[in-house]
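These notes concern the structure reproduced below.
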Amino acid sequence: MTQIKQIQSHLTISGTLLDPYAAGKIISLCAESDDDHLSHAYKLFLQLSYRTKFIWNTMIRSFTAKNEAFKALTIYKTMLRSGYLPNNYTFSFIFKACCTDHLSLGFVFHSQAIKLGWESYDFVLNGLIHLYSMSGSMGPARTLFDSSAARDIITWTALINGYVKSGQVSAARELFDNMPEKNAVSWSAMIHGYVQVGLFKEALELFNQMQICGCRPNHGGIVGALTACAFLGALDIGRWIHAYVDRNGMELDRMMGTALIEMYAKCGCIETACSVFDKMLDRDVFAYTCLISGLANHGQGCRAIKLFGRMKNEGVAPNEVTFICVLSACSRMGLVDEGLRIFKNMREVHGIEPGVQHYGCLVDLLGRAGMLEEAKKVVRDMPMEPDSYVLGALLNACRVHGNVDLSEETVENLVERCIDHGGVHVLLSNIYASSKQWHCVVKVRKGMEEKNVRKIPGCSFIEVDGKVCEFVAGDRSHVLMEDTMLLLFGIDKHLKSTRKCMAFNH
DNA sequence: CTAGGGTTAG
């Protein structure tokens with residue numbers, strides 16, 4: 001960079017800096033390096049009285065690459081106003097800029113591209129297919145795809161991503177199977193598609209098949225497969241993938257690190273999750289949040305809160321999800337004061353306005369601790385309508401602390417808002433059962449039958465010896481059921497004797 | 001000077 005600046009000084013002295021070709025070279029060199037230099041390039045850009053299209057394009061491209069799409073589009077508008085016509089390069093850059101946050105503007109620019117005759121130019125067309133795919137407009141995306149004379153991997157993958165994003169996995173899969181050629185990005189897109197809709201086994205199958213086809217997975221594919229492992233409890237496969245990452249010298253970047261932490265935490269290996277976290281060089285809010293959540297889920301609320309403090313010390317700002325995780329850590333540990341303090345700091349220190357989910361955590365925090373009146377007051381005074389989680393937390397607290405009256409009131413509230421899914425009624429019936437009001441139990445069950453509401457059975461996965469087993473609530477068909485039940489009773493007894501005073505339900 | 005992918009929640 002110092003050398004670039006030296007050259008620039010020479011040009012300034014010799015009066016040739018305003019030569020557009022020399023300036024263009026300088027600008028593109030600056031713009032390609034880091035943020036600071038982009039603002040330097042921009043200053044230089046503003047001084048120029050004559051700008052080539054190359055210079056305009058470079059500025060638009062660079063701001064887009066630095067996640068400043070709005071700035072890029074502003075420059076594009078200035079370009080038009082100054083009487084310059086955009087070319088194929090310009091359009092590929094601005095469609096990319098529109099993909100993040102300015103989809104509808106993209107449609108306006110599409111008509112400009114048509115007028116100027118660039119629509120069917122391959123790079124522009126791929127950009128357009130990507131744009132429509134990202135906005136979920138699969139009709140136009142498909143039409144453009146069909147109109148393409150030179151479909152390549154990019155074209156196919158852009159459309160596949162569109163179907164994935166709009167939840168049409170089978171349409172995505174059909175395209176994927178018909179692709180003339182696949183690479184790591186297309187495999188990764190399809191794996192991610194399965195993960196998004198919860199088809200984790202299919203995601204892992206595809207990951208497997210990818211390797212059989214001789215395609216080396218990239219970071220995206222690895223991240224997708226690890227996420228699938230996390231949800232399936234597929235620890236052995238997850239470990240294998242981790243070993244693959246190490247063996248191939250793949251960088252433990254933020255996303256890879258977070259995916260590994262999530263996998264280990266969800267598979268019960270919280271210590272390994274911590275050591276992955278420690279090995280990461282660059283830990284962002286996602287990595288922190290993921291580990292905080294993992295610790296909370298392992299009953300290590302104090303460590304979770306400590307990590308939250310460390311995050312602050314290292315200058316990583318928490319976001320709204322982080323607060324959900326920390327608050328739920330407090331809730332499970334019964335740390336009411338700590339939780340209330342953190343809730344208060346959310347707005348006052350971190351400038352994050354609590355959302356309905358944070359109120360849900362607050363109700364849960366107070367409710368589990370037996371402060372039902374306070375919890376009820378939060379529901380009454382919160383600035384937005386309570387949702388099923390808020391009322392569900394209150395109802396659960398009623399169950400734990402045996403408050404039948406407040407449960408009835410809460411269920412009525414849920415019914416009024418039409419958020420009374422099957423689980424709500426089952427919960428109420430259980431509450432009646434534990435207070436031995438059998439006639440009420442019958443009434444609730446009958447009401448459910450009449451309204452034809454059913455509770456969707458809960459289910460979970462765990463992998464044993466490399467095989468993924470699925471368990472559905474109420475299912476007693478597993479070969480080791482008797483041993484399992486005995487062990488569960490043992491654990492339950494142990495918990496009840498050691499934690500009698502605490503409400504550790506749910 | 002050009003394009004496609006991936007992370008955190010109860």
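We name chains A, B, ... by the order of the sequence lines, and we start the count at 1 in each one. On a predicted model such as this, the values are computed, not experimentally measured, just so you know. The basis for the numbers below is simple: all heavy atoms, side chains too, and nothing from hydrogens, waters or symmetry mates.
Following rounding to the nearest Å, A:Ile60 (CD1) and B:dA3 (P) show an atom-to-atom distance of 13 Å. Between the P atom of B:dA3 and the CZ atom of A:Phe91 lies a distance of 15 Å, rounded to the nearest Å. In this structure, A:Asn297 places its CG atom 12 Å from C1' of B:dT8, rounding to the nearest Å. The nearest whole Å value for the distance from the CZ atom in A:Phe231 to the C1' atom in B:dT8 is 11 Å. Across the protein-nucleic acid pair, A:Asn87 atom CG and B:dA3 atom P stand 13 Å apart, rounded to whole Å. For the pair A:Phe308 CZ and B:dA9 C1', the interatomic distance rounds to 15 Å; values are reported in whole Å. Rounded to whole Å, atom C1' of B:dA3 lies 12 Å from atom CG of A:Asn161. Atoms CD1 (A:Ile292) and P (B:dT7) sit 19 Å apart, rounded to a whole Å.
The base of B:dG4 has none of its N or O atoms less than 3.5 Å from a complementary donor or acceptor on the side chain of A:Asn126. Residue A:Asn183 places a side-chain atom within donor-acceptor reach of the base of B:dG4, judged by atom type and a 3.5 Å distance cut-off alone. Between the base of B:dG6 and the side chain of A:His219 there is a donor-acceptor pair shorter than 3.5 Å.
Proximity note for A:Thr289 (side chain, C-beta onward) versus B:dG5, B:dT8, B:dG10: the nearest is B:dT8. Taking only side-chain atoms of A:Ser186, from C-beta outward, the nucleotide of B:dG4, B:dT8, B:dG5 with the closest atom is B:dG4. For A:Asn88, the listed nucleotide lying nearest its side chain is B:dT2; candidates were B:dT2, B:dC1, B:dG6. Checking B:dT2, B:dT7, B:dG5 against the side-chain heavy atoms of A:Met134 singles out B:dG5 as nearest. Nearest to the side chain of A:Cys290, among B:dT2, B:dT8, B:dG4, sits B:dT8. Comparing B:dA9, B:dC1, B:dT8 against the side chain of A:Phe286 picks out B:dT8 as the nearest. The side chain of A:Lys96 lies closest to B:dA3 when the candidates are B:dG5, B:dC1, B:dA3.
Looking at heavy-atom distances under 4.0 Å, A:Ile261 makes no contact with the nucleic acid at all. Residue A:Ser28 is out of contact with every strand shown, counting any heavy-atom pair closer than 4.0 Å. A:Asp122 comes within contact range of no nucleotide atom at all, as no heavy-atom separation falls under 4.0 Å. Within 4.0 Å (heavy atoms only), A:Glu320 reaches no atom of the nucleic acid at all. Within the nucleic acid shown, A:Phe323 has no heavy atom closer than 4.0 Å to any nucleic acid atom. Using a 4.0 Å heavy-atom distance criterion, A:Asn57 is classed as a base contact. Residue contacts shown for A:Phe93 include a base, since a base heavy atom lies under 4.0 Å away.
One finds no side-chain N or O of A:Lys165 lying less than 4.0 angstrom from the OP1 or OP2 phosphate oxygen of B:dG5. At the phosphate of B:dA9, OP1 or OP2 sits under 4.0 Å from a side-chain N or O atom of A:Lys266. The side chain of A:His130 contributes an N or O atom lying less than 4.0 Å from OP1 or OP2 of B:dG4. Within the structure, every side-chain polar atom (N or O) of A:Ser188 is placed at least 4.0 Å from both OP1 and OP2 of B:dG6. Residue A:Thr90 has no polar side-chain atom (N or O) positioned under 4.0 Å from OP1 or OP2 of B:dT2. Within the 4.0 Å cut-off from OP1 or OP2 of B:dA9, not a single side-chain nitrogen or oxygen of A:His358 is found.
Side-chain N/O atoms of A:Asn88 and A:Tyr121 include a donor and acceptor closer than 3.5 Å. In this model, no donor atom of one side chain and acceptor atom of the other lie less than 3.5 Å apart for A:Asp146 and A:Thr143. Using modelled atom types, one finds no donor on one side chain facing an acceptor on the other under 3.5 Å when comparing A:His358 with A:Glu320.
The stretch residues 386-394 of chain A touches DNA chain B through A:Tyr389, each having a heavy atom under 4.0 angstrom from the strand.
Around the CD atom of A:Gln211, the shell of radius 6.0 Å holds more than 12 heavy atoms that belong to other residues, nucleotides or ligands. Annotation: A:Lys306, atom NZ; neighbour count of heavy atoms from other residues, nucleotides and ligands within 6.0 Å does not exceed 12.
Not counting sequence neighbours, the partners of A:Arg254 by the salt bridge (charged side-chain N to carboxylate O under 4.0 Å, His left out) test are A:Asp282, A:Asp284. For the salt bridge (charged side-chain N to carboxylate O under 4.0 Å, His left out) test, residues two or more places apart in sequence or in another chain that qualify with A:Glu353 are A:Arg347.
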Given the rule in the side-chain contact (heavy atoms from CB on, under 4.5 Å) test, do A:Lys53 and A:Thr90 qualify, once you have shown the distances and angles that lead to the verdict? CA-CA 8 Å; A:Lys53 278 183 196 174; A:Thr90 325; 5.7 Å; no
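Ring stacking holds between A:Tyr89 and B:dC1, with the centres under 5.5 Å apart and the planes within 30 degrees of each other.
Note on ring orientation: taking the six-membered ring where Trp is involved, the planes of A:Trp56 and A:Phe45 are perpendicular (angle over 60°, cut-offs 30° and 60°). Taking the six-membered ring where tryptophan is involved, the planes of A:Phe277 and A:Tyr288 are perpendicular, since the angle between them exceeds 60° and thus also 30°.
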